[in-house]
Amino acid sequence: MKRIFLSFMAIIAGLLFFGCNNQNNSYGTVKFTIDKKLASQITASATTRGTRTIPDDLFIDINLVGFFESQKPEDDLEHQHYNVIQTIPVEEGATAFFDDVPVGITIFVDAFAYQIIELEDPEIPVSDDFYSPYYENNKNVLFRGTVYDFLIHEGENNLELILKKLFDVNYYNDDGTLLFTKRITKGNLAYTPDPNPTKETTSTSEYQFAGWYIDSDYSELFDFATPITQNINLYAKYSEKSASQFSITITVSPTSDIEVTPSTPATSASIRIFTADEGYDSYTWKVDGETNDATGAAYSTANVLSVDTTGWEAGTYDVTLIASKNGESYSFFAQIIISQN
């Protein structure tokens, strides 16, 4: 892990900058210099082309954002009191110099080291999540460093900013298609997709997601508790189950107002439709006690409920309808029973 330091030197300025909050009119300066070790580290991580060994298209953006402690907003950056960004080339001795940093503010520092690339470069996979949202799509971010809540005092201020390398976690479907790429800071955990990808059901088979693997042969399941220390590829695996291996039956309470019909032949054989009597003021459906499906949407607020059991494990699932009329509630029950033949 390479460490670089930002040195703050407080100076007295005659400018009335942030005068209403910075009552002493005291300002600091920030000096950031790239040393040989950092320059070499970033250069070694860049995508090389041809015989070039020292890229001439590497830069560091250093962004300082400051708030006075008593007026720091939670989310609204439009009210920030100080926001300055400087760009310097990645080469030994290159320096970024910030002045007029008011004493008494709390600063947030975000630094990115990146390489300018051609968008069509075949060595760089392109996806919506690959590039930092702070940059255009021709900036390949290699390192990032962040410092939170550093209070500027009078006199010399020193803080430590650690730049960590970013690695690619590429997520592939089982047909080899790149679904997306996430850039993860070294030592952090990989993004866990939610929801997981799906595989289309055929007329004879249906599939359920079976995990992310580190190789396309599915020999080892990936552990999302493992810190990322290198570029990795993850592959989605699905388990297949023949539709003929499972049967779906429905049981309904004898006193229930619910009727159940299978889906029409034009739709999936895994869909069941529950219909309740009309005339109630409201309808609330629950499946195993939950009012929302996996996507967060309500199962139904009308007298008809359509349930797609694709991918469900064998077992018994309770279906409950709570209907109200004239201020009184009525409960009706049914069950979906999925059996493996």
Side-chain angles (χ1 to χ4, degrees), residues 1-18 21-22 25-47 53-69 72 77-78 80-117 131-166 183 185-186:
M1 184 181 297
K2 306 296 186 277
R3 299 175 183 270
I4 50 180
F5 298 86
L6 295 175
S7 296
F8 289 83
M9 298 168 288
I11 62 174
I12 304 299
L15 301 176
L16 295 178
F17 185 65
F18 304 119
N21 291 300
N22 185 25
N25 293 329
S26 299
Y27 299 89
T29 61
V30 179
K31 183 179 180 182
F32 170 66
T33 302
I34 300 178
D35 60 21
K36 181 177 181 180
K37 182 180 291 187
L38 178 63
S40 298
Q41 183 185 24
I42 297 174
T43 299
S45 299
T47 302
T53 56
I54 302 180
D56 56 2
D57 53 4
L58 293 171
F59 301 91
I60 293 182
D61 283 358
I62 305 171
N63 189 16
L64 269 63
V65 179
F67 306 90
F68 282 94
E69 190 68 25
K72 180 177 178 181
L77 294 183
E78 292 183 0
Q80 60 199 13
H81 299 287
Y82 185 85
N83 186 1
V84 179
I85 186 170
Q86 289 196 28
T87 302
I88 56 176
V90 176
E91 55 187 42
E92 183 181 358
T95 300
F97 183 80
F98 298 83
D99 57 7
D100 295 335
V101 183
V103 168
I105 67 170
T106 299
I107 65 168
F108 165 81
V109 184
D110 215 1
F112 293 88
Y114 59 89
Q115 177 186 23
I116 301 295
I117 62 171
Y131 298 97
S132 165
Y134 298 98
Y135 298 110
E136 301 86 2
N137 279 0
N138 67 334
K139 295 183 178 180
N140 176 26
V141 182
L142 304 171
F143 288 77
R144 182 179 185 181
T146 306
V147 174
Y148 297 92
D149 296 335
F150 186 87
L151 180 64
I152 301 299
H153 299 280
E154 290 198 43
E156 184 173 314
N157 294 267
N158 295 309
L159 63 84
E160 185 177 44
L161 173 63
I162 302 173
L163 264 68
K164 294 185 178 181
K165 188 174 181 179
L166 302 180
R183 301 221 99 175
T185 304
K186 180 180 180 181

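With sequence neighbours excluded, the residues that form a side chain to side chain donor-acceptor pair (under 3.5 Å) with T87 are D61. Applying the side chain to side chain contact (heavy atoms under 4.5 Å, CB included) rule to I42 yields the partners L38, L58, I60, V90, A113, L142, F143; only residues at least two apart in sequence or on another chain are considered. By the side chain to side chain contact (heavy atoms under 4.5 Å, CB included) test, A96 is found to be paired with F32, I62, Q86, I88, F98, residues two or more places apart in sequence or in another chain being considered.
Atom OH of Y114 and atom CZ of R144 lie 14.5 Å apart (nearest 0.5 Å). Distance check, rounded to the nearest 0.5 Å: CZ of F97 to OG1 of T95 gives 10.0 Å. Here the CG-OG distance, from D35 to S40, works out to 8.5 Å after rounding to the nearest 0.5 Å. Within the model, atoms OH of Y148 and CD1 of I107 stand 13.5 Å from one another, a figure rounded to the nearest 0.5 Å. Atoms CG and CZ, from L166 and F112 in turn, are 8.0 Å apart once rounded to the nearest 0.5 Å. From T106, atom OG1 reaches atom CG of L151 across 4.5 Å, with rounding to the nearest 0.5 Å.
In plain terms, the two heavy atoms of K186 and K164 that are nearest each other are O-CD, 3.7 Å. Minimum heavy-atom separation, A94 to P89: CB-O, 3.3 Å.
In this structure, the side chains of L64 and F108 stay at 4.5 Å or more apart for every pair of heavy atoms. For the pair Y82 and V65, the minimum side-chain heavy-atom distance is 4.5 Å or more.
Judged purely by atom type and a 3.5 angstrom limit, R183 uses its side chain to pair as donor or acceptor with the backbone of V141.
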side-chain contact (heavy atoms from CB on, under 4.5 Å) assessment of N83 paired with N63: CA-CA 7 Å; N83 186 1; N63 189 16; 2.9 Å; yes

